[in-house]
Amino acid sequence: MKVATWNVNSVRARLPRVVEWLTKTYPDVLCLQETKVEDVSFPHEEFHNLGYQTTIYGQRTYNGVAIISRTPVTDVVRGFGDEDPEARYIVGTVNGIRVASAYIPNGKAVGTDKFVYKLDWLARWRRWLSAHARADEPLALCGDYNIAPDDRDVYDPEGWKDQVLCHPDERAALALIKDWGVQDVFRNHHTEAGLYSWWDYRQLGFPKNRGLRIDYLLCTKSLSDRCIGAHVDREARKGKEPSDHAPVVAEFKD
DNA sequence: ATGGTAGTTTGACTA
(Lines give C-alpha, C1' and ligand atoms only; values in the text may rest on other atoms or scores of the structure.)
Protein backbone atom coordinates (compact mmCIF):
# COMPACT_ATOMS: atom_id res chain seq x y z
CA MET A 1 0.00 0.00 0.00
CA LYS A 2 1.41 3.33 -1.14
CA VAL A 3 0.45 6.43 0.86
CA ALA A 4 1.49 9.95 -0.19
CA THR A 5 1.12 13.50 1.11
CA TRP A 6 1.42 16.69 -0.96
CA ASN A 7 0.79 20.35 -0.31
CA VAL A 8 -0.30 21.33 -3.83
CA ASN A 9 -0.82 25.08 -3.25
CA SER A 10 -4.26 25.16 -4.97
CA VAL A 11 -5.72 21.93 -6.35
CA ARG A 12 -7.26 23.82 -9.28
CA ALA A 13 -4.07 25.59 -10.31
CA ARG A 14 -2.12 22.32 -9.87
CA LEU A 15 -4.68 19.94 -11.40
CA PRO A 16 -2.72 19.02 -14.58
CA ARG A 17 0.38 18.27 -12.52
CA VAL A 18 -1.55 16.30 -9.89
CA VAL A 19 -3.28 14.22 -12.58
CA GLU A 20 0.07 13.53 -14.28
CA TRP A 21 1.67 12.59 -10.96
CA LEU A 22 -1.18 10.23 -9.97
CA THR A 23 -1.04 8.52 -13.36
CA LYS A 24 2.70 8.01 -13.04
CA THR A 25 2.89 7.14 -9.31
CA TYR A 26 -0.49 5.45 -8.76
CA PRO A 27 -0.59 5.65 -4.95
CA ASP A 28 -3.43 4.00 -3.03
CA VAL A 29 -3.93 7.18 -1.00
CA LEU A 30 -2.88 10.79 -1.61
CA CYS A 31 -3.42 13.35 1.15
CA LEU A 32 -3.65 16.90 -0.17
CA GLN A 33 -3.15 20.19 1.66
CA GLU A 34 -3.86 23.76 0.61
CA THR A 35 -6.54 22.81 -1.88
CA LYS A 36 -7.82 26.41 -1.60
CA VAL A 37 -11.31 25.64 -2.89
CA GLU A 38 -14.83 25.45 -1.50
CA ASP A 39 -16.37 21.98 -1.49
CA VAL A 40 -18.92 22.91 -4.19
CA SER A 41 -16.10 23.80 -6.61
CA PHE A 42 -13.74 20.87 -5.96
CA PRO A 43 -12.67 19.17 -9.22
CA HIS A 44 -14.04 15.73 -8.28
CA GLU A 45 -14.51 14.47 -11.82
CA GLU A 46 -10.86 14.66 -12.83
CA PHE A 47 -9.99 12.34 -9.91
CA HIS A 48 -12.95 10.02 -10.53
CA ASN A 49 -11.81 9.66 -14.15
CA LEU A 50 -8.53 8.22 -12.84
CA GLY A 51 -10.35 5.77 -10.57
CA TYR A 52 -9.92 7.77 -7.37
CA GLN A 53 -12.48 8.76 -4.73
CA THR A 54 -12.47 12.23 -3.19
CA THR A 55 -13.05 12.94 0.49
CA ILE A 56 -12.70 16.64 1.13
CA TYR A 57 -12.78 19.44 3.67
CA GLY A 58 -12.34 22.75 1.88
CA GLN A 59 -12.74 26.48 2.14
CA ARG A 60 -12.24 29.37 -0.26
CA THR A 61 -8.85 31.03 -0.82
CA TYR A 62 -6.97 29.47 2.10
CA ASN A 63 -6.36 26.04 3.63
CA GLY A 64 -8.42 23.04 2.52
CA VAL A 65 -7.44 19.35 2.87
CA ALA A 66 -8.47 16.18 1.05
CA ILE A 67 -7.98 12.42 0.96
CA ILE A 68 -7.76 11.00 -2.57
CA SER A 69 -8.05 7.20 -2.51
CA ARG A 70 -8.50 4.21 -4.78
CA THR A 71 -10.88 2.58 -2.28
CA PRO A 72 -13.70 4.07 -0.18
CA VAL A 73 -13.01 6.13 2.92
CA THR A 74 -15.18 5.48 5.98
CA ASP A 75 -15.64 7.05 9.41
CA VAL A 76 -14.66 10.51 8.17
CA VAL A 77 -14.01 13.30 10.68
CA ARG A 78 -13.46 16.94 9.72
CA GLY A 79 -11.69 19.25 12.15
CA PHE A 80 -11.33 18.73 15.90
CA GLY A 81 -15.01 19.29 16.76
CA ASP A 82 -14.36 22.77 18.11
CA GLU A 83 -15.16 26.25 16.83
CA ASP A 84 -12.07 26.64 14.61
CA PRO A 85 -13.39 27.63 11.14
CA GLU A 86 -10.13 26.84 9.29
CA ALA A 87 -10.27 23.64 7.18
CA ARG A 88 -6.98 22.01 8.14
CA TYR A 89 -7.74 18.45 9.23
CA ILE A 90 -9.57 15.45 7.80
CA VAL A 91 -9.25 11.80 8.80
CA GLY A 92 -10.83 8.60 7.55
CA THR A 93 -10.29 4.85 7.32
CA VAL A 94 -8.85 3.41 4.08
CA ASN A 95 -7.91 -0.25 3.61
CA GLY A 96 -7.99 -0.78 7.38
CA ILE A 97 -5.66 2.15 8.04
CA ARG A 98 -6.71 5.37 9.71
CA VAL A 99 -5.32 8.16 7.48
CA ALA A 100 -5.24 11.87 8.32
CA SER A 101 -4.47 14.81 6.03
CA ALA A 102 -3.26 17.72 8.15
CA TYR A 103 -2.27 21.25 7.26
CA ILE A 104 -0.55 22.63 10.33
CA PRO A 105 -0.65 26.45 10.53
CA ASN A 106 2.45 28.20 9.16
CA GLY A 107 2.79 30.54 12.13
CA LYS A 108 4.07 33.52 10.10
CA ALA A 109 6.75 34.64 12.59
CA VAL A 110 7.69 33.91 16.19
CA GLY A 111 5.86 36.27 18.54
CA THR A 112 2.86 36.93 16.28
CA ASP A 113 -0.76 35.96 16.93
CA LYS A 114 -0.44 33.41 14.10
CA PHE A 115 2.44 31.72 15.93
CA VAL A 116 0.26 31.50 19.05
CA TYR A 117 -2.50 29.97 16.89
CA LYS A 118 -0.03 27.43 15.52
CA LEU A 119 1.04 26.26 18.99
CA ASP A 120 -2.59 26.18 20.15
CA TRP A 121 -3.57 24.17 17.04
CA LEU A 122 -0.85 21.61 17.83
CA ALA A 123 -2.01 21.38 21.46
CA ARG A 124 -5.62 20.87 20.33
CA TRP A 125 -4.46 18.17 17.88
CA ARG A 126 -2.61 16.39 20.67
CA ARG A 127 -5.76 16.41 22.82
CA TRP A 128 -7.88 15.25 19.85
CA LEU A 129 -5.53 12.29 19.38
CA SER A 130 -5.91 11.29 23.03
CA ALA A 131 -9.68 11.49 22.83
CA HIS A 132 -10.41 10.20 19.30
CA ALA A 133 -7.52 8.06 18.08
CA ARG A 134 -5.64 4.98 19.24
CA ALA A 135 -1.87 4.57 19.22
CA ASP A 136 -2.22 0.77 19.15
CA GLU A 137 -3.97 0.78 15.75
CA PRO A 138 -2.60 1.49 12.26
CA LEU A 139 -2.68 5.26 11.83
CA ALA A 140 -0.83 7.61 9.46
CA LEU A 141 -0.78 11.34 10.23
CA CYS A 142 0.15 12.78 6.83
CA GLY A 143 0.69 16.40 6.11
CA ASP A 144 2.41 19.72 5.84
CA TYR A 145 3.60 20.16 9.41
CA ASN A 146 5.29 23.52 8.83
CA ILE A 147 7.93 22.31 11.32
CA ALA A 148 11.44 21.13 10.47
CA PRO A 149 11.96 18.43 13.13
CA ASP A 150 15.70 18.97 13.56
CA ASP A 151 18.67 20.70 11.96
CA ARG A 152 19.25 17.90 9.46
CA ASP A 153 15.99 19.07 7.89
CA VAL A 154 17.19 22.65 7.30
CA TYR A 155 19.53 24.00 4.59
CA ASP A 156 20.92 26.75 6.81
CA PRO A 157 20.41 25.76 10.46
CA GLU A 158 22.26 28.79 11.83
CA GLY A 159 20.22 31.21 9.75
CA TRP A 160 16.96 29.46 10.67
CA LYS A 161 17.80 29.06 14.36
CA ASP A 162 14.83 30.10 16.55
CA GLN A 163 12.87 31.24 13.47
CA VAL A 164 9.37 30.10 12.57
CA LEU A 165 9.35 26.49 11.21
CA CYS A 166 12.42 25.73 13.38
CA HIS A 167 11.63 27.28 16.78
CA PRO A 168 12.12 25.13 19.90
CA ASP A 169 8.48 25.67 20.97
CA GLU A 170 7.23 24.18 17.71
CA ARG A 171 9.66 21.30 17.87
CA ALA A 172 8.56 20.63 21.46
CA ALA A 173 4.89 20.59 20.37
CA LEU A 174 5.82 18.14 17.60
CA ALA A 175 7.67 15.98 20.12
CA LEU A 176 4.51 15.80 22.25
CA ILE A 177 2.59 14.50 19.21
CA LYS A 178 5.31 11.89 18.60
CA ASP A 179 5.34 10.95 22.29
CA TRP A 180 1.66 10.03 21.99
CA GLY A 181 2.79 7.16 19.81
CA VAL A 182 3.78 8.03 16.24
CA GLN A 183 7.11 8.07 14.43
CA ASP A 184 8.54 9.80 11.36
CA VAL A 185 8.77 6.85 8.95
CA PHE A 186 10.93 8.80 6.48
CA ARG A 187 13.63 9.04 9.16
CA ASN A 188 13.44 5.28 9.75
CA HIS A 189 14.81 4.88 6.21
CA HIS A 190 17.01 7.99 5.77
CA THR A 191 19.19 9.55 8.45
CA GLU A 192 21.26 11.99 6.41
CA ALA A 193 20.92 15.77 6.32
CA GLY A 194 19.87 17.75 3.25
CA LEU A 195 16.67 15.91 2.27
CA TYR A 196 13.90 18.48 1.90
CA SER A 197 10.22 18.64 0.89
CA TRP A 198 9.70 22.40 0.49
CA TRP A 199 11.68 25.12 -1.29
CA ASP A 200 10.70 28.79 -1.40
CA TYR A 201 9.53 29.98 -4.81
CA ARG A 202 11.70 33.06 -4.36
CA GLN A 203 15.37 33.58 -5.06
CA LEU A 204 15.96 30.24 -6.80
CA GLY A 205 15.23 28.24 -3.66
CA PHE A 206 14.86 24.90 -5.49
CA PRO A 207 17.80 25.21 -7.93
CA LYS A 208 20.02 26.14 -4.99
CA ASN A 209 18.46 23.38 -2.85
CA ARG A 210 17.69 25.89 -0.13
CA GLY A 211 14.88 23.82 1.37
CA LEU A 212 13.33 22.42 4.52
CA ARG A 213 11.77 19.04 5.30
CA ILE A 214 8.38 20.05 6.66
CA ASP A 215 6.14 17.40 5.01
CA TYR A 216 6.08 13.88 6.43
CA LEU A 217 4.05 10.93 7.66
CA LEU A 218 3.93 10.16 11.38
CA CYS A 219 2.77 6.58 11.89
CA THR A 220 1.86 4.43 14.85
CA LYS A 221 4.17 1.50 15.59
CA SER A 222 1.99 -1.20 14.08
CA LEU A 223 2.00 0.74 10.79
CA SER A 224 5.64 1.90 10.97
CA ASP A 225 6.68 -1.73 11.31
CA ARG A 226 5.04 -2.36 7.93
CA CYS A 227 6.81 0.56 6.20
CA ILE A 228 9.29 -0.74 3.62
CA GLY A 229 10.42 2.64 2.25
CA ALA A 230 9.78 6.37 2.06
CA HIS A 231 11.01 9.13 -0.22
CA VAL A 232 10.49 12.70 -1.37
CA ASP A 233 9.60 12.89 -5.07
CA ARG A 234 11.85 15.81 -6.05
CA GLU A 235 10.95 15.34 -9.71
CA ALA A 236 7.48 16.74 -8.97
CA ARG A 237 9.05 20.01 -7.80
CA LYS A 238 10.80 20.53 -11.16
CA GLY A 239 9.57 22.12 -14.38
CA LYS A 240 6.81 24.57 -15.14
CA GLU A 241 4.30 25.79 -12.53
CA PRO A 242 5.16 23.43 -9.66
CA SER A 243 3.85 23.55 -6.12
CA ASP A 244 6.47 24.86 -3.71
CA HIS A 245 6.23 21.44 -1.97
CA ALA A 246 7.21 18.01 -3.29
CA PRO A 247 5.12 14.90 -2.54
CA VAL A 248 6.32 12.47 0.13
CA VAL A 249 5.57 8.80 -0.51
CA ALA A 250 5.67 5.86 1.91
CA GLU A 251 5.11 2.21 1.04
CA PHE A 252 3.66 -0.35 3.45
CA LYS A 253 3.44 -4.12 3.39
CA ASP A 254 -0.13 -5.44 3.25
C1' DA B 1 17.31 46.21 4.64
C1' DT B 2 11.26 43.17 5.54
C1' DG B 3 13.19 42.59 -0.27
C1' DG B 4 11.88 38.03 -3.45
C1' DT B 5 7.36 34.52 -6.06
C1' DA B 6 2.91 32.36 -6.34
C1' DG B 7 -2.31 31.79 -5.68
C1' DT B 8 -6.57 33.87 -4.98
C1' DT B 9 -8.89 37.61 -6.55
C1' DT B 10 -8.77 41.95 -8.60
C1' DG B 11 -6.38 44.71 -3.24
C1' DA B 12 -4.40 42.52 0.15
C1' DC B 13 -3.41 38.65 2.43
C1' DT B 14 -1.10 34.23 3.15
C1' DA B 15 2.75 31.42 2.70
Side-chain angles (χ1 to χ4, degrees), chain A residues 5-21 30-44 46 56-66 79 84-90 101-122 125 142-149 153-156 158-167 169-171 173-174 196-216 232-248:
Chain A
T5 184
W6 194 6
N7 179 325
V8 288
N9 186 18
S10 172
V11 71
R12 287 179 294 181
R14 215 63 59 210
L15 198 52
R17 295 195 58 129
V18 175
V19 165
E20 179 193 19
W21 189 83
L30 171 60
C31 294
L32 299 177
Q33 298 88 37
E34 281 205 270
T35 54
K36 294 187 172 181
V37 64
E38 288 177 290
D39 290 355
V40 291
S41 304
F42 192 94
H44 296 280
E46 288 83 349
I56 63 173
Y57 182 35
Q59 69 179 83
R60 59 167 267 164
T61 311
Y62 302 121
N63 310 315
V65 287
D84 191 337
E86 300 197 9
R88 294 180 175 276
Y89 189 68
I90 187 170
S101 181
Y103 177 43
I104 286 74
N106 171 280
K108 189 178 171 78
V110 177
T112 64
D113 56 349
K114 287 188 168 52
F115 191 75
V116 173
Y117 172 70
K118 181 181 197 173
L119 295 179
D120 179 67
W121 197 96
L122 289 161
W125 192 17
C142 310
D144 174 3
Y145 282 76
N146 272 314
I147 303 170
D153 305 307
V154 183
Y155 71 88
D156 174 17
E158 280 309 305
W160 279 90
K161 184 177 165 59
D162 295 339
Q163 302 296 308
V164 71
L165 311 186
C166 299
H167 192 274
D169 291 352
E170 301 166 64
R171 288 176 168 175
L174 177 64
Y196 310 131
S197 67
W198 170 85
W199 300 260
D200 200 303
Y201 283 125
R202 298 165 289 189
Q203 301 188 310
L204 302 173
F206 184 69
K208 293 179 174 176
N209 199 28
R210 297 165 69 88
L212 303 177
R213 193 177 69 91
I214 57 176
D215 304 87
Y216 32 93
V232 177
D233 187 357
R234 285 178 55 93
E235 295 301 312
R237 180 63 175 79
K238 298 178 181 175
K240 199 164 152 296
E241 297 183 354
S243 170
D244 46 350
H245 297 252
V248 180

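Quick caveat: nothing in here was measured; it's all calculated off a predicted structure. A note on names: the letters A, B, ... follow the listed sequences, proteins ahead of strands, and every chain is numbered from 1.
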How many whole angstroms separate atom [atom1] of [X] from atom [atom2] of [N]?
{"X": "A:Ile104", "N": "B:dA15", "atom1": "CD1", "atom2": "C1'", "value": "15 Å"}
{"X": "A:Gln33", "N": "B:dG7", "atom1": "CD", "atom2": "P", "value": "17 Å"}
{"X": "A:Lys208", "N": "B:dT5", "atom1": "NZ", "atom2": "P", "value": "11 Å"}
{"X": "A:Glu34", "N": "B:dA15", "atom1": "CD", "atom2": "P", "value": "7 Å"}
{"X": "A:Lys36", "N": "B:dA6", "atom1": "NZ", "atom2": "P", "value": "13 Å"}
{"X": "A:Asn63", "N": "B:dT8", "atom1": "CG", "atom2": "P", "value": "14 Å"}
{"X": "A:Tyr62", "N": "B:dT8", "atom1": "OH", "atom2": "P", "value": "12 Å"}
{"X": "A:Asp215", "N": "B:dA15", "atom1": "CG", "atom2": "P", "value": "14 Å"}

[atom1] spacing across the pair [N] / [M], given as an integer number of angstrom:
{"N": "B:dA1", "M": "B:dA12", "atom1": "P", "result": "26 Å"}
{"N": "B:dA6", "M": "B:dT2", "atom1": "P", "result": "22 Å"}
{"N": "B:dA15", "M": "B:dG4", "atom1": "C1'", "result": "13 Å"}

Taking side chain to side chain donor-acceptor pair (under 3.5 Å) as the definition, give me every residue that meets it alongside [X], ordered by chain and number, with sequence neighbours left out.
{"X": "A:Asn209", "result": "A:Trp199, A:Arg234"}
{"X": "A:Arg12", "result": "none"}
{"X": "A:Gln163", "result": "none"}
{"X": "A:Thr35", "result": "none"}

According to salt bridge (Lys or Arg N to Asp or Glu O under 4.0 Å), who are the partners of [X], at least two apart in sequence or on a separate chain?
{"X": "A:Asp120", "value": "A:Arg124"}
{"X": "A:Arg213", "value": "A:Asp153, A:Asp184"}
{"X": "A:Glu38", "value": "none"}

**Q.** Qualifying residues under ring-ring contact (aromatic ring centres under 6.0 Å, His included), relative to A:Tyr196, sequence neighbours excluded
**A.**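 ring-ring contact (aromatic ring centres under 6.0 Å, His included) check on A:Tyr196 returns nothing, list empty.
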Nucleic acid contacts - [range] versus DNA chain B, non-hydrogen atoms under 4.0 Å:
{"range": "residues 196-204 of chain A", "result": "A:Tyr201, A:Arg202, A:Gln203"}
{"range": "residues 9-17 of chain A", "result": "A:Asn9, A:Ser10, A:Ala13, A:Arg14"}
{"range": "residues 107-121 of chain A", "result": "A:Lys114"}

Q | Least distance between heavy atoms, A:Trp6 atom then A:Ala246 atom | A |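 Nearest pair, atom of A:Trp6 first, then A:Ala246: CD1-C, 3.8 Å.
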Q.
Strictly by side chain to side chain donor-acceptor pair (under 3.5 Å), give each pair with a member in residues 103-112 of chain A just once, sequence neighbours left out.
A.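 As it turns out, the side chain to side chain donor-acceptor pair (under 3.5 Å) pairs with a partner in residues 103-112 of chain A, which skip direct neighbours, are A:Glu34-A:Tyr103.
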**Q.** Pairwise side-chain contact, A:Ser197 with A:Ile214, heavy-atom cut-off 4.5 Å (strictly under)
**A.**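 Yes, side chains in contact.
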**Q.** Donor-acceptor side-chain pairing of A:Asn7 and A:Trp198 below 3.5 angstrom
**A.**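 No, A:Trp198 and A:Asn7 have no side-chain donor paired with an acceptor closer than 3.5 Å.
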Q: Starting from the 5' end of DNA chain B, give me the residue, A:Arg60 or A:Asn7, whose nearest nucleotide shows up first.
A: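 Looking at the nearest nucleotide for each, A:Arg60 comes out on the 5' side.
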Q. Is A:Tyr103 touching bases, backbone alone, or none of the nucleic acid, heavy atoms closer than 4.0 Å?
A.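 Since only primed, P, OP1 and OP2 atoms lie under 4.0 Å of A:Tyr103, the category is sugar-phosphate.
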Q.
Does a side-chain N or O of A:Arg88 approach OP1 or OP2 of B:dA15 to a distance below 4.0 Å, or not?
A. yes
